[in-house]
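Note that these values count all heavy atoms, side chains included, but never hydrogens, waters or copies made by symmetry.
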Number of protein chains: 2
Amino acid sequence: MRLRYIELFHAVLTTGSLTGAANLLNISQPAASKALQQAEQQLGFALFSRVRGRLLPTEQALLLRQRIEKIIQELNELQRLTANMSLTDSCPLRVTCTPALAQSLVPDAVTLLRKIFPGTSVELFTQHSAVMCESLLLHETDIGLTLQDTGRQNLCREPLCRGQVMVIAPPDWWSVAELKRPLPITALAGQPMIGIAVQDALGNMLQSHLAQLSPAPRTPVRVQTYQLAHSLVAQGEGLALVDPFTARRDGGKAVQMRPLDLRMDVVLYAIYRPDSPLNAVQKRFLGLVRQLAQRLLATV
Amino acid sequence: MRLRYIELFHAVLTTGSLTGAANLLNISQPAASKALQQAEQQLGFALFSRVRGRLLPTEQALLLRQRIEKIIQELNELQRLTANMSLTDSCPLRVTCTPALAQSLVPDAVTLLRKIFPGTSVELFTQHSAVMCESLLLHETDIGLTLQDTGRQNLCREPLCRGQVMVIAPPDWWSVAELKRPLPITALAGQPMIGIAVQDALGNMLQSHLAQLSPAPRTPVRVQTYQLAHSLVAQGEGLALVDPFTARRDGGKAVQMRPLDLRMDVVLYAIYRPDSPLNAVQKRFLGLVRQLAQRLLATV
DNA sequence: GCAGGGCCACAACCTTCAGTTATGCAAGTC
DNA sequence: GACTTGCATAACTGAAGGTTGTGGCCCTGC
């Protein structure tokens, strides 16, 4: 089965028509038509049945679908990888971080770095953890910064600093005296909370803790990022459990925060490929991030 | 990156030379040379450095290697699948089983089946479990018979019958009186044993039981299939733990056997694809296998 | 040191096939 | 019944991929 046929098959399935597929592949409709016929002839069975002038995938086609889509995806990844490899070393510092860290930590670190190395060019991305790993493996970026426990992948993981899970609340929720003390998790029972989407490892873990409370906290709203949670809390929608960086956003003015009394730290990790050792600029950058993070977490 | 280039890259890496690659792909050496240059030009970096007239993969090439080989493999699987799909329903009964079952159970069942359906054509394979799953998923065969606990794969698994793990020994190892009783596992301590290769799930499980004995049994010889173990035991090389079908090979003349006293059964499974329901012949075949197996296991 | 063989690159030429435009036909839509 | 949408066919074109022939480089063995 020629790659050409595979692409065409995929294009027809995604667009739903041969004409659409032809457009997707930037070829004319007759070219697509001919190619599809050749593919079917070579295979020995029909991929689509022509019913009332339309293409309808056959049973066999549906059996092939998953495999073909997997191959297409891997070819795309290969494409991305080779594209990035050809422009290797074009940029000394390519960093991706989660949205929570993109708020101030990473930009601040970049600013500091560019004072030390004025000429340096920098590329920044914000991505969620799964995409981040992919991006690193495909050489699109060189360093990832995340609060997630991104296991398994064959990537190096270096802890930069540790912090506490924080509870944030609308202004004037707690008294000044209370703010000093960690909040016992039981105090969250029955409270209105902003939930974090399931794909988040930390959020997931916290969620299972919360589920054991009785009455369980109400989480009518669920968001993907800690930043959204922060904003909603600031607007009085409820409490939220967030990382210590998000909690300190805006200098901690918009919301109140208290550490959660929990035997579990939030860890800021730097992740990178094991094969390519970090260069001097990258190492210095990580040093700055660590320094800034520690200083930030020291503030109340 | 064109598929053509991918194949060429792979061929060069496996054969070690451009000429070899050209032969592998059934093209002339200059064609391969030109294609490789085009590939490198399109990529923007060299895949091989020409040193002393030879091709030496560059660092980048090695980074691509794994991904490319994965794609090649998946393309091959797709090829196999489509090849099998085009000759669909050509044969009503295509069965694959492990070597232990190919000894007598499966051939006997086929003989019986062909008395019931005289005209039926049958295809038999013997494969180890991992390959068996692959073969089923690629529509090369329709039914697999195995004693392994082939989990995860999205294949149906139907237990046909249960038996006991058997200990086999050279003739006259045990007294006639002993033969009736199950052998306690502790009796194997310090005994010379024939081991089963690690990839076997059952063998693996037994191995971990044996390892806890003290003194642990000696397993100087390790074999891949139960049949080999049987032959070695018959030649007096030691004891072996085998499935109940292998134990009864040759009518149980060449070796002595005793059930092992163990809270774990050997299960004979039929596995098949969930999407394609079994036809009448296939169902009848499984019925025969079950019947034969139960009868066989009832004998001492 | 020189002949020979293995391996890669270049050149000139040829064939095939994927692409094009133009057109036809069937079926649904208003 | 006119119009639109979508697939198939026909005739043509160009580029890509193939061929053979040749030359240079390097190692090897006499």
Within-4.5 Å side-chain heavy-atom neighbours: A/E74 and B/R67: no
Spacing between B/L18 atom CG and C/dC8 atom P, to the nearest angstrom: 5 Å
Any donor-acceptor N/O pair, A/E140 side chain to A/N84 backbone, under 3.5 Å: no
For atom CD of B/Q42 and atom P of D/dA15, their distance in whole Å: 17 Å
Atom-to-atom span, CG of B/L55 to P of D/dC25 - whole angstrom: 17 Å
Option passing side-chain contact (heavy atoms from CB on, under 4.5 Å) with B/F9 (candidates B/I6, B/L13, B/V12): B/L13
Nearest-angstrom distance from the residue atom CG of B/L8 to P of C/dC8: 11 Å
N/O (side chain, B/S33) to phosphate O (OP1/OP2, C/dA9) under 4.0 Å: yes
Separation of atom CG in B/L56 from atom C1' in C/dC8, rounded to whole Å: 14 Å
Footprint string (nucleotides 17-29 of chain C, 5' to 3'): B base within contact, S backbone only, - free, heavy atoms under 4.0 Å: -BBBBB----SS-
Within-4.5 Å side-chain heavy-atom neighbours: B/Q42 and B/Y5: yes
Result of checking B/T96, B/T146, B/T98 against B/Q127 for side chain to side chain donor-acceptor pair (under 3.5 Å): B/T96
Whole-Å distance separating the CD atom of B/Q37 from the C1' atom of D/dG18: 15 Å
Sub-4.5 Å side-chain heavy-atom contact between B/V95 and B/F125: no
B/T19 side-chain N/O to C/dG6 phosphate OP1/OP2 under 4.0 Å: no
